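Side chains are part of it too, since the values below use all heavy atoms of this structure and drop only hydrogens, waters and symmetry mates. Sequence positions, counted from 1, serve as the residue numbers for this chain. This one's a predicted model, so the numbers in the text were calculated from it and none came from an experiment. In each ligand, atom 1 is the first atom listed, and ligand 1 is the first ligand listed.
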Amino acid sequence: MNFRLLSGDVLKLSCSTLVLGVFEGEGIKGIAGKVDEALGGVITRLAQEERFGGELGKSVSVNTLDQIGAQRVLVIGLGKRSKISPDTFRKAGIVVARKTKQSLGNVVVGFETDKQDGYVSAFAEGFILGGYEFDKYKTTNNKRETGVKEVGFLWAGLSDEVFRKEIEFAEIVSEATNFARDLVNEPPAVLTPTKLAEIAKDIARQENLECEIFDKEEIERRGMGGLLAVSRGSEEPPRFIHLIYKPRKKTRKSVAIVGKGITFDSGGLCIKPRESMRTMKMDMSGAACILGVMKAIPRLNPPCVVHGLISATENMPGARAYKPDDIIRTFSGKTIEVVDTDAEGRIVLSDAISYAVKLGVGEIIDVATLTGACIVALGNYTAGIMGNDEKLIQRVIKAAQRAGEKVWQLPMDDELRKEIESDVADVKNVGSRWGGAITAAMFLEKFVENTPWVHLDIAGPAFFDKGSEWNPKGGTGFGVRTLIRYLLER
Ligand code: BES
Ligand code: MN
Ligand code: ZN
């Protein structure tokens, strides 16, 4: 995709689609008003007919019959002017990408805003995200040569330099997100732990990261008993993945970002019912997020060392599978009583988190499709955020807001902590049903020692079986945009 900054008369610019924005309740004004006038008021007429009032996400479109340079005009709603933010333009970009998917040629977008800091970037980000589709396995896809080749911006008062910077950032971030989506959408027979590790190695080679992969024997030798236990019911061997980014300028600041990489979660011996098992290829969305971030950051140069850690395995009910009542010795030395083999994510994460602690990092952020309970609590569109350091939590929340990803903090209620006390081990892997997202976080907390730590439970927003207003069907790449912004602004 080619993005260009344009200038000139909006009526004379030749393009296949001219995109114009209007604010809710303000009528067809500004550039849109000028174009409307040149077209004899057809846009105003159409807006009335279709009851289009500039609401965010809505649009009207007309053929110009060559009365102006553009062949078609697409007027999109930007919502209320008072609510304008980068997210307005990210959503506008998504709408435009979807509406122009079947069209050929070039799009010109003309917006008028007082302040444009981050708006162009957000629009380009939305445009690349909105064009995402996972269709590589469709053989009868009438893949015609459709698709927009170029997007021109008619955006007054923007310098070329700022424009280039904004576009570059948008491209890096949205391509990393689409990369994570691809990983999530791959079928589980293709995206095994072994394959995930190979992909990590490829990223390391391409982006000049350090990379260490532990195979089953090495995982055993290192005493990562959690990851090993969960992997035992599967024919696929586990992998532990460690990528390291080091900034050009030496620094002592370091962060570990840790991902849950269950490439398929059958539930193990506590097997899931059939309806819940479908979509469980998505249980490596945390790992996909980490790989997306690690792929992007060498091009953005955040000023801290970043360790990307992933525990990758299937959770299967094979003959050698780990069992309820088993007691596992983890990498940290702490023991876990297994109550439910379907609460496997926290077990494999415990080893990765302890590994991060041993590395001596300054902060740990883990990303995991950890609990159905988090979806019950917050719905499908919002991730749960918890941790042991209020300042760090607030910084991640701020980054998520800038990224346009919804997160909501759940309380680490001290009265709930007793739920995961075990009579025979240091901790057990489930509490009661109530507050399941919180007790899962409290389980992880046992392994972070004194390191400032944040946990993102992305079980809801990581995957949409049917697609949603602002996300495609399947993997969403949730977390990539938040973590990149977090790392850049620390
Ligand atoms: N991977 C699931 C959580 C999940 C559920 C993610 C739905 C996305 C959508 C996790 O491993 C799991 O099975 N959790 C159990 C925990 C329970 C056994 C305490 C759950 O949420 O039911
Ligand atoms: Mn599970
Ligand atoms: Zn799981």
Side-chain angles (χ1 to χ4, degrees), residues 184-185 188 191 193 196 226-227 229-234 238 258-289 310-317 321-326 336-352 366-384 386 410 416 419-420 422 427-444 455-466 468 471 474-476 478-479:
V184 174
N185 290 332
L191 200 98
L196 201 62
L227 176 54
V230 172
S231 76
R232 277 181 34 210
S234 170
V258 180
K260 169 176 174 182
I262 301 293
T263 61
F264 189 75
D265 183 9
S266 73
L269 286 174
C270 305
I271 199 157
K272 288 181 183 293
R274 50 166 65 73
E275 325 78 67
S276 321
M277 200 185 298
R278 212 183 61 78
T279 74
M280 276 304 132
K281 67 174 183 182
M282 61 77 94
D283 213 17
M284 37 58 72
S285 298
C289 167
I310 293 167
S311 286
T313 177
E314 288 185 334
N315 184 24
M316 295 290 282
Y322 83 131
K323 304 168 186 75
D325 291 349
D326 269 342
I336 300 170
E337 179 192 355
V338 178
V339 174
D340 190 321
T341 63
D342 198 10
E344 83 297 338
R346 63 199 76 181
I347 298 176
V348 303
L349 281 171
S350 72
D351 282 341
D366 80 78
V367 188
T369 48
L370 205 59
T371 65
C374 197
I375 312 179
V376 174
L378 299 175
N380 253 310
Y381 307 97
T382 302
M386 285 149 275
L410 298 176
L416 267 175
E419 298 258 339
I420 52 171
S422 165
V427 64
K428 60 183 188 186
N429 79 330
V430 295
S432 75
R433 266 184 74 193
W434 317 118
I438 296 169
T439 48
M442 287 172 165
F443 176 99
L444 299 178
H455 161 59
L456 284 170
D457 191 334
I458 62 167
F463 192 90
F464 291 107
D465 203 11
K466 298 198 171 68
S468 78
N471 273 295
T476 62
F478 191 97

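In Glu344, the N, O or S atom that comes nearest to the Zn ion (ligand 3) is OE2. Between the Zn ion (ligand 3) and the N, O or S atoms of Asp283, the shortest distance is to OD2. When you scan the N, O or S atoms of Asp265 for the one nearest the Zn ion (ligand 3), you land on OD2.
Considering only non-hydrogen atoms, atom 10 (C) of ligand 1 lies nearest to Leu370 out of Thr371, Val430, Leu370. In this comparison of Val230, Asp342, Asn429, Thr341, the heavy atom closest to atom 15 (C) of ligand 1 sits on Asp342.
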Any chance you could lay out the side chain to side chain contact (heavy atoms under 4.5 Å, CB included) test for Ile420 and Val430, step after step, and finish with the verdict? CA-CA 6 Å; Ile420 52 171; Val430 295; over 6 Å; no
What verdict does the side chain to side chain contact (heavy atoms under 4.5 Å, CB included) test give for Val258 and Val367, after you've listed the backbone C-alpha separation in whole Å, the side-chain angles of each residue and the deciding distance to 0.1 Å? CA-CA 6 Å; Val258 180; Val367 188; over 6 Å; no
Please assess Asp265 against Lys272 for the test side chain to side chain contact (heavy atoms under 4.5 Å, CB included), listing each intermediate value before the final yes or no. CA-CA 9 Å; Asp265 183 9; Lys272 288 181 183 293; 3.5 Å; yes
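The closest approach between Met280 and ligand 1 falls below 4.0 Å for a heavy atom of the residue. Using 4.0 Å as the threshold, Ile375 has a heavy atom nearer than that to some atom of ligand 1.
Listed by number with element, the atoms of ligand 1 under 4.0 angstrom from any heavy atom of Ala459 are 6 (C), 8 (C). Atoms of ligand 1 found under 4.0 Å from any heavy atom of Thr369 (numbered from 1 in listed order, with element): 1 (N), 2 (C), 3 (C), 6 (C). Each of the following atoms of ligand 1 lies closer than 4.0 Å to a heavy atom of Met282: 8 (C). Distances below 4.0 Å separate heavy atoms of Asp340 from the following atoms of ligand 1: 18 (C). Within the listing of ligand 1, atoms 12 (C), 13 (O) sit less than 4.0 angstrom from a heavy atom of Lys272. Within ligand 1, counting atoms from 1 as listed, the ones closer than 4.0 Å to a heavy atom of Asp283 are 1 (N), 11 (O). Shown in contact with Lys260 at under 4.0 Å from a heavy atom are these atoms of ligand 1, numbered in order with element: 1 (N), 10 (C), 11 (O).
From the protein, the heavy atom lying nearest to atom 16 (C) of ligand 1 is Arg346 NH2, 3.9 Å. Among all protein heavy atoms, the one lying closest to atom 20 (C) of ligand 1 is Gly372 N, 3.9 Å.
Where the criterion is an N or O separation shorter than 3.5 Å, residue side chain and backbone included, Glu344 meets it with respect to ligand 1. Remark: ligand 1 and Asp265 share an N or O pair separated by less than 3.5 Å (distance only, no angle test).
Between Phe264 and Met277 the shortest side-chain heavy-atom distance falls below 4.5 Å. You'll find the side chain of Asp325 stays beyond 4.5 Å of the side chain of Val338, heavy atoms only.
Within the coordination shell of the Zn ion (ligand 3), defined by N, O or S atoms under 2.8 Å, Lys260 is present. Glu344 lies close to the Mn ion (ligand 2), since one of its N, O or S atoms is found at a distance under 2.8 Å.
Of the angles at the Mn ion (ligand 2), the one spanning O of Asp342 and OD2 of Asp265 is 170° when given to 10°.
In this structure, atom 22 (O) of ligand 1 is not in close contact with the protein, since no protein heavy atom lies within 4.0 Å of it.
The minimum heavy-atom distance linking Ala459 with Thr371 is given by the pair CB-O, 3.3 Å.
When non-hydrogen atoms are compared, ligand 1 lies under 4.0 Å from neither the backbone nor the side chain of Met284.
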N/O donor-acceptor pairs under 3.5 Å from side chains in residues 433-443, not counting sequence neighbours:
{"unit_1": "Thr439", "atom_1": "OG1", "unit_2": "Gly435", "atom_2": "O", "d": "3.3"}
{"unit_1": "Thr439", "atom_1": "OG1", "unit_2": "Gly436", "atom_2": "O", "d": "3.3"}

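When atom types are taken as modelled, the side chain of Asn185 and the backbone of Gly475 share a donor-acceptor pair closer than 3.5 angstrom. In this structure, the side chain of Ser422 does not engage the main chain of Lys428 through any donor-acceptor pair within 3.5 Å. With Thr341 contributing its side chain and Cys270 its backbone, the two residues share a donor-acceptor pair below 3.5 Å.
Residues Asp465 and Thr279 have side chains that never bring a donor and an acceptor to within less than 3.5 angstrom of each other. Under the 3.5 Å distance criterion, with hydrogens and angles disregarded, no donor-acceptor pair is assigned to the side chains of Asn471 and Thr476.
Between Tyr381 and Phe478, a ring centre-to-centre spacing not shorter than 6.0 Å is recorded.
Interatomic distance, CG of Asp283 versus CD1 of Ile262, reported as 6.0 Å (0.5 Å rounding).
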